[in-house]
Amino acid sequence: MDESDRTDGVRLTARERAALAEIEEGLRRQEEDPAPEPRRRSGGRRLPLMVAVMSVCSVVLAVVGIRTSEPALLWCFAVMWPLTVLQLVRLLGRWIRSTGPFTPWF
């Protein structure tokens, strides 16, 4: 390539051509190399355990809070329950993604 080379009527400086060549070389190397294995998050194994523990805590807080009518326990349940549901939704989403593409049952 020399200075008279044009692409879509735009001239590139020597610095821009060098940068473009470097980018193209990187893309070629990525095409040749196999895709890296996706890493699994370290929290992947802990999420089911965390959901189970949070569920048990929520049930215990609800039962004890209702039996004793203690406002502090009821407020703890009110905070714990949405967090438990949120983690359960995360767990279900992870499970759905791991089972593959969605296929309708009907």
Glu24 vs Leu20, side chain to side chain contact (heavy atoms under 4.5 Å, CB included): CA-CA, chis, key distance, verdict: CA-CA 6 Å; Glu24 288 174 347; Leu20 183 60; 3.9 Å; yes

Which atom pairs, donor and acceptor, lie under 3.5 Å between side-chain atoms of residues 78-87 and protein residues at least two apart or in another chain?
residue, atom, partner, partner atom, Å
Thr84, OG1, Ser58, OG, 3.0
Thr84, OG1, Met80, O, 2.8
Gln87, OE1, Arg90, NH1, 2.9

If the condition is side chain to side chain contact (heavy atoms under 4.5 Å, CB included), which residues does [X] pass it with, not counting sequence neighbours?
| X | answer |
| --- | --- |
| Val63 | Val59, Arg67 |
| Ile23 | Leu27 |
| Val56 | Val60 |
| Leu88 | Val51, Leu92 |

For Leu49, the rest of its hydrophobic cluster, which grows through side-chain links under 4.5 angstrom: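 Val53, listed by chain and number.
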
Within-4.5 Å side-chain heavy-atom neighbours: Leu74 and Glu70: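 Contact flag for Leu74/Glu70 side chains = no.
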
Distance, nearest 0.5 Å, that separates CG of Leu61 from CG of Leu73: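 Answer rounded to 0.5 Å: 6.5 Å.
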
Residues which pass side chain to side chain donor-acceptor pair (under 3.5 Å) with Glu25, listed by chain and number, not counting sequence neighbours: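 Listed in chain order: Arg28.
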
